[in-house]
Structure formats: structure tokens, C-alpha cells
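Read through the structure below, which is laid out as C-alpha cells, and then see the notes.
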Amino acid sequence: MADALSVIPAAVLRNLSDKLYEKRKNAALEVEGIVKQLSGTTDQDKINAVINLLINEYTYSPQANHRKGGLIGLAAATVGLTSEASQHLDQIVPPVLNSFGDQDSRVRYYACEALYNIAKVVRGDFIVFFNQIFDALCKLSADSDSNVQSAAHLLDRLVKDIVTESDQFSQKDFASECLNPYVRQFLVGWITVLDSVPDIDMLGFLPDFLDGLFNMLSDSSHEIRQQADSALSEFLQEIKNSPSVDYGRMAEILVQRAASPDEFTRLTAITWINEFVKLGGDQLVPHYADILVAILPCISDKEEKIRVVARETNEELRGIQADPAEEFDVGAILSVARRHLSSEWEATRIEALNWISTLLSKRRAEVLSFLSDIFETLLKALSDPSDEVVLLVLEVHARIAKDDKHFHQLIVYLVQNFRVDNSLLEKRGALIIRRLCVLLDAERVYRKLSTILQGESDLEFACTMVQALNLILLTSSELANLRDLLKKSLFNDAGKNLFLSLYASWCHSPMAIISLCLLAQTYQHASSVIQSLVEEDINVKFLVQLDKLIHLLETPTFAYLRLQLLEPGRYIWLLKALYGLLMLLPQQCVAFKILRTRLKTVPSYSFSGEQFKQLSSGNAIPEVNNFVGSQVSEEAAATKEDQKNVHNGINFAQWQQQFEKVQEQHRAHSKSEALSRSNSTSSAKEMQRPEEPKRPLPAADMNRPPSRSSRRGPGQLQI
């Protein structure tokens, strides 16, 4: 302190804190001259003393004019030091930077002016304070005083010039500043300037400030958004032309930004990801799962541009043939696909399934090793509200179910699902079964379903399921080969085995058994089944199923059966079975009229004269049964050809016993259910009925003879 006072006159120190700018300016010039003289000597202590005096007594003074004088004095001292100034920057710069936060706007203005003059003197040596200066400039750019903003802008331009010509600038230090919340327009400007300098490799440090740039795309200022977009476009172009880029780190940032609530940010992020997938090569292999996290939701984005780019990227990514030796994480990709099977968007769920299907076709063994992680979710997806999703799920299951273990799991779960959700069987049952028959072989599917339903404990469900399967069998074009095989049940082993396999579970439904027999041309057995039906079997559900069958008999599926009616003498059991069905139908229903009309068209020329007389009359239906029962020799002759193959190893009597046994179980179950409902109803009524008070008759009334009106005759109720 004493050293400083000995070299600076008191008048100069007094004027340095004067309220008039001109006096402070003249005093600063005096300080500049004094410091210049001292710098020519070796007396560094006095120089340090002068600088400390300006700092402690002026820049940190509670008086605003003192602080203004101190700032202009420090700038003047730096100018006086010239080449030696860099040795004292650690003393001079911090108090100036501190003044940027002063409450007095004029002090902040002089701080900008002082730092500008200091920077002009020291140039490149100034870079060591870049981070603090940059932070201060960001804050001052939004200063409430326009003069301070202007001064900060001039200082910013000078600092940019110094940085572009300096070889001491650290891009790494700059990148760390990009996370600063105050960085907006200044950041974009700085990035643009630095990127234009050939000697500065900003691309190498792009991962450090890429997130900050993307953050600006949603800024409230249109100008900042435009500048950020322009900077990002420039960097993307440089990436395309650069032989070495760190795709991995940036991919992580882009994945997060692809989920931004801001539409423009999402579009920019997915566009970058699209380019990365095309350019990244091996670098991106470990990041495929992360990239898929970004792509799948964007496929269902509300903005069409984003959807288009996302789909293109998805196709590009799925088409890449990654070498198994590379870090291709099948488990991670399957995990992403599994999570997105629960997406609310149909398009996303579809693409997730396409990924699983693609991996199954290319890396089946690896996928199966992770199957326990995704199988349950895939099974649940069979209940998806979208038909397209269900069809894709079935394709995936079909790829998995090539081996018996997974095939069994699939069919068992499917039956369980149908049992739990009746609407699924009603609305989707035909779609699911038909598609599985195409993908996994119809015979294999039906045999497995039949095996499972044989042991089904829920008899009502078993009946419903069998009826559904039977209807699909009779109507679906996909099962035409299965129907052709069943038609040969009496003629070859393959047909016989399939017939018996289905028969065991078809026993749950009388109408399903009858349909199966008609399809397999086991007409005699069909007639026997019809004859075995008892009163309890003929209920509303049975008649509904019978109505469906009669209508089906008029479809192309049963064209062969209708043609066989041209030879009633040969197919007498068919005729008897059809007449049996006719007798079960109420005469007023449409099905009765359809079947009766069909039977009336049966030609009479193949009958004997006696047969013709009995069948040709308009109301000869009752007599036909008598005819059938009486013409044993005719029937035996007519069906001689069929009788040779009638058994084909099939013990029909034994199978009919099996059918009757199962039907008896159904009857017992129905009675039990009816009794249970009755008991429940009675219990409910008893609980609701108020207890009537018991009132004893008066003694006189107890001995009184009943009145005339109270006497009742035979058949009369007493009220």
C-alpha cells in the first residue's frame, strides 16, 4: 500500500474516484504512464502494489464511482504493462469479471470496456480465462441496460477474433460450457464461428455440445431456433463428409431427443438417426437396441414427416446384416420389441412384431435362448384388438412353434385364452385357427386341439370350442385338404387316424359328431348317433346347431353328399340319416323346409317298384323309415361295396359307446347346474320373504264349524 502511494500522487488517486468521467479518464492515463515507467525497471513489487491498490481500494469499494475508477485504472495499468501484462492477469482479470455482476449498470458497462481494453493488449494470453468470460458474456447479453448489451456485444466480437487466431483455445473447455442454462444465442454464434476455423476440430467435440444444440430447437425465440437448426445442418453435412465420427455417443443423445415433446426436435433427431444408420456401419451395432427405442414410437407419430423418416430408418436398420461376431445384442433388441408390444399405437406394435419375426428368420437359435423373456407377452398379444397385429403374432408363433415343445405351449395357451375370454373365441376364433392351420399345417393343429379338448374339465366350454372348430372345418377354404382327407376315413389309414383323433373330442357335441360323420361318409354311424339321441339332447342349442348344419349341407362343401343322393339305393344310410335329422326339426322352421325340399328331389328310379310307391306320394316321409327297416336284403345288396370298407379297423360300436358316455357326462353336468341354480334361487327367495306372524285362533273360533264358504268340494282349492 505504501509503495503504491509513494509512486501515485494523491491528486491522481482523488480524481480516479471523481464523479466526472473526464477526470477519471485523465487519472487513468496518469496511472498508465506510471506503470509504464515501472515496467521498465525490475521493481515488480511496486507494480503489484499499484495493481492491488486499484483492486482493493477501488474495484471492491462500496462507492460506485470508486469502482468505476478502479476498472478504468486496471485497464490503464494493463496498457502500461504492454508485454509484461500477461504476468499480472491473474491479479487484474478476476476483479473485472466480478464487476460484471455489479448492481450499478454503469459499473457493468465500465467492466465490459475495461475487459475489452485488457483483451486488446494481451490477446492470446487472455484465453486462459475463456470459460469465465464466456459465462459472463452470456449473462450480459440479456442485461436490462441496452448500453451494457452493446458493450458486451463489442467485447464478444473481440473475444471471437482472439479465439479464432489463437492456438491455445481448448474446444473441450468450450464444450463444457454448453450445458449452461444461459447459453442460447451466444452458444450458436460461437459454435458457428469456431466451426468455420480450419484449425479447430469442432466435429470431434460435437458429442459434448450436441444435446445443447438440440435443446435450442425448442427455444421460445424463433431466431435462436433458426440458428440452432442451421448449425445442426452444417454439422450433419460435415459428418457425411468426415471419415471419422463418434457415432455412438451422439446416438445416445439423439435417442433421447427423438422422444421430445417438441415436434421439430423429434423430426431433426430422427433425421440424424436416419443418416447415422446409413453412415455408422460397425460403430452403431452396439446401439441398435437404443436406436430402435427411438424409431418404434416415431413410426406412429402424429406428424407425417416424422412417420416417413422413422419407417425408412426402420427398414434400413432391419435390413442390415450384422456379423454374428460383432456386438449385435439380440436380447436387447427383443427386450425393446417386447416392451413396444404394449404400445397404444397399432403401427408400433406391428413393427415390433416384424422385428421379432426378422430375428427369428436370421438368428433363430439366439432368439430361442431368450424365448422365456418374450413368450408370455407374445401369447397375450393374441388378444390384441387389431386383426393385423393378431395375424402377425400368429406368424411369429408359427416360426417359434416349429418344434413340438413350443407348439404344444402355444395351443394350450390358446385354448386357455378361449376358455377365459369367450368373446375372443367368438370374434377371433375363426381368424386365429384358420391362420394357424395355414402356418403350421391344419392336420397338426386340429389333432393337437382335439387332444387338449379330450381332457377338458369345463364341459360347456369343450362343447362350445368343438362346435367352433367343427364350423371352421366345414367352411374354411384353408381346411379343404383336411376335409378331403376325412372323406377317405373308410378307405385309407391317414383319413381313419384323423377321423378317430377328432372323434374323441367331437363327442362333446352331438351335432359336431354328426357333421364329422357326414364329412367322413360314415353314414351308417351318423344314423346310429342320431338314433341314440334322447329327449334331453334335443334342446335349443342343439336345434341351433342343427339349423346351421342343414344350411351347410347346401354349400359347395357338401356337394359330393348331394350328388350321392342320386343313388339312394346305394347310399341308403345317408338317406336314413338325413330323414332322421328332418324328424328332429320343428316343421315350422326354415331348415325343415330346406331339407324336406332337398329330399323330395331324390330320384325314385333307383328304387324297386314297391319302394317307388312308398316314396312317390307327397307325404310319404313317415313310410320311408318303415321302408328302410324292411328292405334288409335290398340294403345289403346296395351297400355291398361300402360294407367291404365299413370298418377299416374302426370299431364304431365302441366309439358310439364313447360318444354316449361323454353325452351322459354332459347331461349330468346340466342337471347339476340346473339344481344348483334352483337352490340358489330358492335360497334368495327365502332370504327375501318376510316371516309371517303366527296368530293362534280364538278359543271360540277353534270350536266353530267351518262356514259354508269355507267348505270345498272335489277339485276345489281352499282360498
Side-chain angles (χ1 to χ4, degrees), residues 1-36 38-39 44-82 84-122 125-126 128-137 139-140 143 145 147-148 151-152 154-155 158-159:
M1 182 74 172
D3 288 343
L5 294 175
S6 66
V7 295
I8 302 177
V12 172
L13 294 174
R14 186 170 53 254
N15 289 335
L16 200 59
S17 60
D18 196 274
K19 63 180 181 179
L20 295 177
Y21 171 73
E22 287 299 327
K23 288 187 176 182
R24 293 197 301 273
K25 181 180 179 181
N26 291 330
L29 291 174
E30 292 287 341
V31 170
E32 177 185 339
I34 293 169
V35 172
K36 185 176 292 187
L38 291 174
S39 65
Q44 294 294 320
D45 290 338
K46 289 186 178 180
I47 296 176
N48 290 331
V50 170
I51 295 173
N52 288 329
L53 173 68
L54 294 172
I55 294 172
N56 297 322
E57 299 298 322
Y58 288 87
T59 58
Y60 288 138
S61 170
Q63 301 296 324
N65 288 331
H66 279 66
R67 297 196 296 275
K68 296 173 186 176
L71 289 168
I72 195 171
L74 286 174
T78 305
V79 173
L81 287 169
T82 58
E84 296 179 15
S86 59
Q87 301 174 26
H88 299 276
L89 287 181
D90 288 339
Q91 289 176 276
I92 297 171
V93 173
V96 178
L97 290 174
N98 181 68
S99 299
F100 282 149
D102 199 282
Q103 294 181 348
D104 192 317
S105 61
R106 295 302 296 169
V107 174
R108 298 196 299 275
Y109 175 86
Y110 284 120
C112 290
E113 183 183 73
L115 197 58
Y116 182 91
N117 290 322
I118 293 169
K120 284 182 69 176
V121 173
V122 297
D125 295 329
F126 189 66
V128 294
F129 297 99
F130 174 80
N131 288 351
Q132 299 95 310
I133 295 170
F134 185 79
D135 184 57
L137 287 173
K139 295 175 183 177
L140 292 177
D143 198 278
D145 190 288
N147 290 325
V148 175
L154 290 173
L155 175 60
L158 175 62
V159 175

Exercise. Got a salt bridge between Asp143 and Arg108, using NZ or NE/NH1/NH2 to carboxylate O under 4.0 Å?
Worked result: yes

Problem set entry | For the student: nearest non-hydrogen atoms of Ile34 and Pro9, plus distance | CD1-CD, 3.9 Å

Seminar exercise, completed: Residues Ala76 and Ala28: closest non-hydrogen pair is CB-O, 3.1 Å

Seminar exercise, completed: Phe100 and Ala136 have their tightest heavy-atom pair at CD1-CB, 3.2 Å

Problem set entry | Separation of Leu38 CG from Lys46 NZ (nearest 0.5 Å) | 7.0 Å

Exercise. Would Leu16 and Glu30 count as a side-chain contact (heavy atoms from CB on, under 4.5 Å) if you check the C-alpha gap in whole Å, the side-chain angles of each, and the deciding distance to 0.1 Å?
Worked result: CA-CA 10 Å; Leu16 200 59; Glu30 292 287 341; over 6 Å; no

Exercise. Short question: side chain of Tyr110, backbone of Gly69 - any donor-acceptor pair under 3.5 Å?
Worked result: no

Exercise. Taking everything shown except Tyr109 itself, do over 12 heavy atoms lie less than 6.0 Å from its OH?
Worked result: no

Exercise. Taking atom CG of Leu154 and atom CG of Leu115, what is their separation to the nearest 0.5 Å?
Worked result: 12.5 Å

Seminar exercise, completed: Between the NZ atom in Lys120 and the CG atom in Leu155, the distance rounded to the nearest 0.5 Å is 12.0 Å

Seminar exercise, completed: Closest heavy-atom pair, Ala77 versus Leu54, reported as atoms and distance to 0.1 Å, is CB-CD1, 4.4 Å

Exercise. Do Arg24 and Asn65 come within less than 4.5 Å of each other through their side chains, counting heavy atoms only?
Worked result: yes

For this session: Start with the C-alpha gap between Leu13 and Tyr58, add the side-chain angles, then the distance that decides, and say whether side-chain contact (heavy atoms from CB on, under 4.5 Å) holds.
Result: CA-CA 10 Å; Leu13 294 174; Tyr58 288 87; 3.3 Å; yes

Exercise. What pair of heavy atoms forms the shortest contact from Gly80 to Ser39, and how long is it?
Worked result: O-OG, 3.8 Å

For this session: Side-chain contact test, heavy atoms from C-beta onward, threshold under 4.5 Å: evaluate it for Ile72 versus Tyr21 and give yes or no.
Result: yes

For this session: Verify, without hydrogens or angle tests, whether Asp18 (side chain) and Arg14 (backbone) share a donor-acceptor contact under 3.5 angstrom.
Result: no

For this session: State the OG1-CD1 distance between Thr78 and Ile51, to the nearest 0.5 angstrom.
Result: 7.0 Å

Exercise. If you round to the nearest 0.5 Å, how far is CG of Leu140 from OG of Ser105?
Worked result: 11.5 Å

Exercise. Does Val93 reach the side chain of Val128, with side-chain heavy atoms less than 4.5 Å apart?
Worked result: no

For this session: Carefully, step by step, assess Phe129 and Asp90 under the rule side-chain contact (heavy atoms from CB on, under 4.5 Å).
Result: CA-CA 9 Å; Phe129 297 99; Asp90 288 339; 3.4 Å; yes

Exercise. Is it true that a side-chain atom of Asn98 and a backbone atom of Pro94 form a donor plus acceptor pair closer than 3.5 Å?
Worked result: no

Exercise. Roughly how far, to the nearest 0.5 Å, is CD1 of Ile118 from CG of Leu71?
Worked result: 8.5 Å

Exercise. So do Leu74 and Val96 actually touch side chain to side chain, heavy atoms under 4.5 Å?
Worked result: yes

Problem set entry | Nearest atoms (heavy-atom pairs only) where Ala64 meets Asp104 | CB-OD2, 3.6 Å

Exercise. Are the side chain of Arg67 and the backbone N or O of Pro62 linked by a donor-acceptor pair below 3.5 Å?
Worked result: yes

